[in-house]
Engineer: 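Would you mind keeping the following structure in view while I ask a few things?
Counting begins at 1 with the first residue of the sequence. What you are looking at is a predicted structure, and each value in this text was computed from that prediction instead of being measured.
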Amino acid sequence: MNLLPNHSEMLAAECSSKPLELYVFIDPSDAGCYGLIPVLRRLQVEYEQYFTYRIIMKTSLSQQKNLGQGPHDTRVPHPALPAVAVKAAEFQGKRAGFKYLSRLLDYRFLKGRDITTQEVLLEIAELTGIDAAEFIQDFRSVNAAKSFQCDLYISREMEVHQAPSFVFFNNNFEDEGLMVEGIHDYEMYVKVLEELLGRQMEKAVPPSLDELFRRFDSLTTGEIAAIYKVNVRTAERELKKRLLQRRIECLPVRGATLWRRKMDL
């Protein structure tokens, strides 16, 4: 953990009525960032009444070269295009952007797909259920690239050199932010939130399982068991009921089981 300098004027303008703010730094080419998604999903379900969050896309300097040509050049892939695509999806709302990011990382780390081409990025948009025509227009506009450049500026301002990273702020802009680099146990993030809040947080009642899948599209058995405070066997039994009803599909991956709201992968 590292203490960070105070918010810049640019970040202070994003003040929220909720007492805490999270900046989540993600590099879509880093496998560690895929492990951060379940943490953020669970935090949203249990404690979102206390915080807002913002996804900050981060890439290496080598990936940023010739970015200005990226969204308009359909002939060659570019390693920064996934980050620009996430920014384009966010123009349709924060939830749309997060669902797009989750599916993007599924493609990269579960299916082993090349996510640096426009063709695949559009395919992800269509499967995520966002407005594909609007996504294409935003993705190819200068606005998405500028939004990504803004993310890179934030990384430099906050001196964030690694992804995945969380940066936590309370709504007192005189206080310093707290940075947590890498992946840690879920309870550690809760502890940081409570320290910044100055009191213990109360967990929200989780939504129905159907509503959970409408919100996030895909989750693991372990995630669902943790959210509903049941053992894995109980969670699996409920999931198999929905599988038989063809409301979800089951995808065994890397020693775990991924459950997805019924749609083509």
Side-chain angles (χ1 to χ4, degrees), residues 1-26 32-33 35-58 86-87 89-102 147 150-208 211-212 214-216 219 223-224 226-229:
M1 281 190 236
N2 300 314
L3 288 177
L4 295 179
N6 293 344
H7 267 99
S8 66
E9 292 181 4
M10 177 192 69
L11 299 178
E14 298 181 4
C15 180
S16 165
S17 60
K18 295 182 181 180
L20 303 174
E21 188 169 20
L22 277 62
Y23 284 73
V24 187
F25 293 80
I26 289 180
C33 293
L36 196 66
I37 297 299
V39 171
L40 186 53
R41 280 197 287 245
R42 186 174 171 188
L43 285 174
Q44 289 180 66
V45 170
E46 295 187 341
Y47 299 114
E48 196 174 30
Q49 66 269 34
Y50 296 102
F51 70 86
T52 60
Y53 73 92
R54 178 172 176 178
I55 300 294
I56 307 296
M57 303 305 295
K58 183 174 175 58
V86 172
K87 296 289 103 179
E90 284 182 348
F91 291 154
Q92 298 188 40
K94 185 178 290 186
R95 285 196 179 187
F98 186 65
K99 288 172 97 172
Y100 185 90
L101 172 63
S102 299
S147 182
C150 181
D151 280 6
L152 298 177
Y153 173 75
I154 291 172
S155 295
R156 291 192 296 270
E157 280 284 291
M158 292 188 179
E159 300 178 9
V160 177
H161 306 297
Q162 172 183 335
S165 290
F166 268 120
V167 178
F168 299 82
F169 289 100
N170 61 31
N171 58 7
N172 182 356
F173 293 110
E174 297 301 317
D175 291 345
E176 294 176 318
L178 185 63
M179 179 164 64
V180 179
E181 297 179 318
I183 300 291
H184 302 273
D185 291 339
Y186 177 77
E187 290 70 22
M188 178 180 177
Y189 300 103
V190 174
K191 182 179 179 181
V192 173
L193 287 171
E194 290 182 334
E195 286 180 355
L196 288 175
L197 188 63
R199 58 187 170 89
Q200 187 173 359
M201 299 185 297
E202 295 184 7
K203 291 180 182 177
V205 176
S208 68
E211 175 58 33
L212 193 69
R214 280 193 292 271
R215 180 170 186 180
F216 295 123
L219 303 107
E223 282 185 87
I224 292 165
I227 288 171
Y228 292 104
K229 303 297 183 293

Engineer: Working to the nearest 0.5 angstrom, can you tell me the gap between Glu157 CD and Cys150 SG?
Structural biologist: 10.0 Å
Engineer: Report the C-alpha separation of Met158 and Phe169 in whole Å, then their side-chain angles, then the decisive distance to 0.1 Å, and conclude whether the side-chain contact (heavy atoms from CB on, under 4.5 Å) test is met.
Structural biologist: CA-CA 12 Å; Met158 292 188 179; Phe169 289 100; 3.5 Å; yes
Engineer: Should Val160 and Tyr23 count as side-chain neighbours, where that means a heavy-atom distance under 4.5 Å?
Structural biologist: no
Engineer: Within the 4.5 Å heavy-atom criterion, are Val24 and Pro164 side-chain neighbours or not?
Structural biologist: no
Engineer: Step through the shown structure and confirm whether more than 12 heavy atoms of other residues, nucleotides or ligands are within 6.0 Å of CD on Glu187.
Structural biologist: yes
Engineer: Quick one, Leu193 and Leu43 - any side-chain contact, counting heavy atoms below 4.5 Å?
Structural biologist: yes
Engineer: Determine the minimum heavy-atom distance between Lys58 and Ala163, stating which atoms define it.
Structural biologist: CD-CB, 4.2 Å
Engineer: Any idea which heavy atoms bring Ile183 and Gly35 closest together, and the distance?
Structural biologist: CD1-C, 3.9 Å
Engineer: Atom CZ of Phe51 and atom CZ of Phe168: how far apart are they, to the nearest 0.5 Å?
Structural biologist: 9.0 Å
Engineer: Given 3.5 Å as the limit, does a donor-acceptor pair link the side chain of Tyr189 with the main chain of Leu40, or not?
Structural biologist: no
Engineer: Does some side-chain heavy atom of Lys203 sit less than 4.5 Å from a side-chain heavy atom of Tyr47?
Structural biologist: yes
Engineer: Tell me if a side-chain donor or acceptor on Glu194 pairs with a main-chain N or O of Met201 at a distance below 3.5 Å.
Structural biologist: yes
Engineer: Return each pair, listed once, that meets salt bridge (charged side-chain N to carboxylate O under 4.0 Å, His left out) where at least one residue sits in residues 38-51; pairs must be two or more places apart or across chains.
Structural biologist: Arg41-Glu223, Arg42-Glu46, Glu46-Lys229, Glu48-Arg215
Engineer: Are Phe25 and His161 packed together at the side-chain level, in the sense that at least one heavy-atom pair is separated by less than 4.5 angstrom?
Structural biologist: no
Engineer: What are the two closest heavy atoms between Tyr228 and Pro207, and how far apart are they?
Structural biologist: OH-O, 2.7 Å
Engineer: Quick check for you: to the nearest 0.5 Å, what is the distance between Leu196 atom CG and Leu22 atom CG?
Structural biologist: 9.0 Å
Engineer: CE/Met57 to CG/Leu152 distance, rounded to the nearest 0.5 angstrom?
Structural biologist: 10.0 Å
Engineer: Should Leu197 and Asn170 count as side-chain neighbours, where that means a heavy-atom distance under 4.5 Å?
Structural biologist: no
Engineer: Which atom pairs, one a donor and one an acceptor, fall under 3.5 Å between side chains of residues 90-97 and the rest of the protein, sequence neighbours left out?
Structural biologist:
unit_1	atom_1	unit_2	atom_2	d
Glu90	OE1	Lys87	NZ	2.9
Gln92	OE1	Asp131	N	2.9
Gln92	NE2	Asp131	O	3.0
Lys94	NZ	Tyr53	O	2.7

Engineer: Does any non-hydrogen side-chain atom of Ile154 lie less than 4.5 Å from one of Arg54?
Structural biologist: yes
Engineer: I'd like to check the side chain to side chain donor-acceptor pair (under 3.5 Å) partners of Gln200; sequence neighbours left out, ordered by chain and number.
Structural biologist: none
Engineer: Can you tell me how far apart CG (Leu212) and CD1 (Ile227) are? Round to the nearest 0.5 Å.
Structural biologist: 5.0 Å
Engineer: Compare every heavy atom of Tyr186 with every heavy atom of Val39, then report the nearest pair and how far apart it is.
Structural biologist: O-CE1, 3.9 Å
Engineer: Mind checking the CG-CD1 spacing from Leu101 to Ile26? Nearest 0.5 Å is all I need.
Structural biologist: 4.5 Å
